[in-house]
Asks: 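Attaching a single structure in structure tokens format; questions to follow.
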Amino acid sequence: MSNELEAFIEYISVVKSLSNKSILAYKSDLELLEAEFKKPLIKLDTQKLFSLLANYKNKRTLNRKLSSVNAFFNFCYKQQFIDDELKLKASKIPKLLPKFLTYEDIQKSLQLIDRSDWIGKRDFSLILFLYATGARVSEALNVSRNDIEDGWLILRHTKGDKQRIVPIAKYAIEMIDEYLLDVKYEREFLWQNYKGDKLSRISAFKITQKYLGVSPHVLRHSFATSLISGGADLRVVQELLGHSSLMTTQIYTHIQKQHLKDTVDVYHPMAKENF
């Protein structure tokens, strides 16, 4: 390790008091670069530095390396170890669309559930509930039996403690009622494990993973995607999801645009190859 790098590690450890995890990340990134070129980092020209960093195809990994390099050279400049300040630009990371399932995907998976006992009926109705309401798994697991009334669901334990009310599909309610008729235990909360205790997040994850191959949160994305693809207003979806900012909901507009494009490709005569 070069003297400059050693001074930088001491600086972020003692002066900046960064966490051990952050210190190790900086140290690992920068030591690797020095080891690769077998010379102190401050003696590397930017061309060689870029040629090495270009090997990182994952943009998040690349940006972490760039962040480490920038922090190191900023320190060296302030300490007058180097004459010119170096600032490498981060690579732009594309926004990833949230993973979602179509209604047809969910229907096919539901057919695999054995509903001959109350556990199977619980799994079936829980998946329907998550898809029909867009509730976060933490919100869903805190729902009590009395929170569903006249086709409406009251979500009381929400992110930011903002209670909201969402309509719930009739079929989902029917399946929940079927599950409650067979459940062994009389408890206030809706979703129960085989002992009659409140269903845990891990158990809910195992249920959706078993039948759908996804986490419960994907059903929340599937709920939003179905609404947006069907033409729902973005602000209505925002309210149903309980997003405090419309910016959070706007990621689904990419799905809406793709849906519009697909519609034009299918129905517009100029989209046909033989036009």
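Heavy atoms only: backbone and side chains are in, while hydrogens, waters and symmetry mates are out. All values derive from a computational prediction rather than experimental measurement. Positions are given from 1 along the sequence.
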Asks: If I take atom CG from residue L32 and atom NZ from residue K27, how far apart are they, to the nearest 0.5 angstrom?
Replies: 13.5 Å
Asks: Check for a donor-acceptor pair, side chain of R187 on one end and backbone N or O of G196 on the other, with a separation under 3.5 Å.
Replies: yes
Asks: Donor-acceptor pair, distance only, cut-off 3.5 Å: does the side chain of R136 make one with the backbone of H217?
Replies: no
Asks: Other residues, nucleotides and ligands only: do more than 12 of their heavy atoms fall within 6.0 Å of CD on E10?
Replies: no
Asks: Mind checking whether K206 and I202 have side chains closer than 4.5 Å, heavy atoms only?
Replies: yes
Asks: Decide yes or no for L41 and V69: does some side-chain heavy atom of the first lie under 4.5 Å from some side-chain heavy atom of the second?
Replies: no
Asks: Output, in order, the C-alpha distance, side-chain angles, deciding distance and verdict of side chain to side chain contact (heavy atoms under 4.5 Å, CB included) for I9 and I23.
Replies: CA-CA 7 Å; I9 299 301; I23 294 167; 4.2 Å; yes
Asks: Please check if the side chain of E34 supplies one atom and the backbone of S2 the other of a donor-acceptor pair under 3.5 Å.
Replies: yes
Asks: Check the pair V183 / R122 against side chain to side chain contact (heavy atoms under 4.5 Å, CB included), numbers first and verdict last.
Replies: CA-CA 8 Å; V183 71; R122 178 205 64 192; over 6 Å; no
Asks: Please examine the side chains of E239 and R164, heavy atoms only from C-beta on, and report whether any two atoms are closer than 4.5 Å.
Replies: no
Asks: Any side-chain to backbone donor/acceptor pair from N74 onto A71? Under 3.5 Å, distance only.
Replies: no
Asks: Sub-3.5 Å donor-acceptor pair from the side chain of R145 to the main-chain atoms of E188, do we have one?
Replies: no
Asks: Under 3.5 Å, is there a donor on one side chain and an acceptor on the other for D105 and T102?
Replies: yes
Asks: Donor-acceptor pair, distance only, cut-off 3.5 Å: does the side chain of S28 make one with the backbone of L24?
Replies: no
Asks: Between T208 and L219, which heavy-atom pair has the shortest distance, and what is it?
Replies: CG2-CD1, 4.0 Å
Asks: Nearest 0.5 Å please: distance from the CD1 atom of I113 over to the CG atom of L126.
Replies: 9.0 Å
Asks: Has D233 got more than 12 heavy atoms of other residues, nucleotides or ligands less than 6.0 Å from its CG?
Replies: yes
Asks: Transitively linked via ILVMFWY side-chain contacts under 4.5 Å: V237 with V166?
Replies: yes
Asks: Short question: side chain of R201, backbone of V137 - any donor-acceptor pair under 3.5 Å?
Replies: no
Asks: Take L130 and F223 through the side chain to side chain contact (heavy atoms under 4.5 Å, CB included) test and state the conclusion after the steps.
Replies: CA-CA 8 Å; L130 291 169; F223 166 81; over 6 Å; no
Asks: Testing the basics here: between S138 and N142, what is the closest heavy-atom pair and its distance to 0.1 Å?
Replies: O-ND2, 2.9 Å
Asks: With rounding to the nearest 0.5 angstrom, report the CZ to CD1 distance, F100 to I106.
Replies: 10.5 Å
Asks: With clusters defined by side-chain heavy atoms of hydrophobic residues (ILVMFWY) lying less than 4.5 Å apart, directly or transitively, does I154 cluster with L141?
Replies: no
Asks: Would you check if L110 and F124 make a side-chain contact, meaning some heavy-atom pair closer than 4.5 Å?
Replies: yes
Asks: How about Q107: does its CD atom have over 12 heavy atoms from other parts shown lying under 6.0 Å from it?
Replies: yes
Asks: Of the non-hydrogen atoms in H221 and K99, which two are nearest, and what is the gap between them?
Replies: CB-O, 3.3 Å
Asks: Taking the inter-plane angle between the rings of W118 and Y179 on a 0 to 90° scale, is it parallel (under 30°), tilted (30 to 60°) or perpendicular (over 60°)?
Replies: parallel
Asks: With a 4.5 Å heavy-atom cut-off, do I148 and I176 have their side chains touching?
Replies: yes
Asks: For Q79, is the CD atom crowded, meaning more than 12 foreign heavy atoms sit under 6.0 Å from it?
Replies: yes
Asks: Give a yes or no on whether the backbone of L66 and the side-chain of N70 come within a donor-acceptor separation of less than 3.5 Å.
Replies: yes
Asks: Considering only heavy atoms from C-beta outward, does the side chain of N3 approach that of F81 to under 4.5 Å?
Replies: no
Asks: Transitively linked via ILVMFWY side-chain contacts under 4.5 Å: L190 with Y185?
Replies: yes
Asks: Indicate, with yes or no, if I165 and V143 share a hydrophobic cluster defined by side-chain heavy-atom contacts under 4.5 Å among Ile, Leu, Val, Met, Phe, Trp and Tyr.
Replies: no
Asks: Is the backbone N or O of S144 less than 3.5 Å from a side-chain atom of D147, with the two atoms forming a donor-acceptor pair by type?
Replies: yes
Asks: Using 0.5 Å steps for rounding, measure from the CH2 atom of W191 to the CD1 atom of I207.
Replies: 9.0 Å
Asks: Work out which heavy atom in L30 is nearest to a heavy atom in F8; give both atom names and the distance.
Replies: CD1-CE2, 3.6 Å
Asks: Supply the atom-to-atom distance S109 OG to K210 NZ, rounded to the nearest 0.5 angstrom.
Replies: 12.5 Å
Asks: Indicate, with yes or no, if F189 and I119 share a hydrophobic cluster defined by side-chain heavy-atom contacts under 4.5 Å among Ile, Leu, Val, Met, Phe, Trp and Tyr.
Replies: no
Asks: Within the 4.5 Å heavy-atom criterion, are L18 and Y26 side-chain neighbours or not?
Replies: yes
Asks: Provide the closest heavy-atom pair for K198 versus N193 in the form atom of the first, atom of the second, distance.
Replies: O-ND2, 4.2 Å
Asks: In Å and rounded to the nearest 0.5 Å, what is the CE to CG distance from M175 to L180?
Replies: 11.5 Å
Asks: Report the C-alpha separation of F129 and L153 in whole Å, then their side-chain angles, then the decisive distance to 0.1 Å, and conclude whether the side chain to side chain contact (heavy atoms under 4.5 Å, CB included) test is met.
Replies: CA-CA 10 Å; F129 175 90; L153 167 68; 3.5 Å; yes
Asks: Is the shortest side-chain heavy-atom distance between I127 and Y131 below 4.5 Å?
Replies: no
Asks: Do you know which two heavy atoms are closest between D83 and Y77, and how far apart they sit?
Replies: O-CE1, 3.3 Å
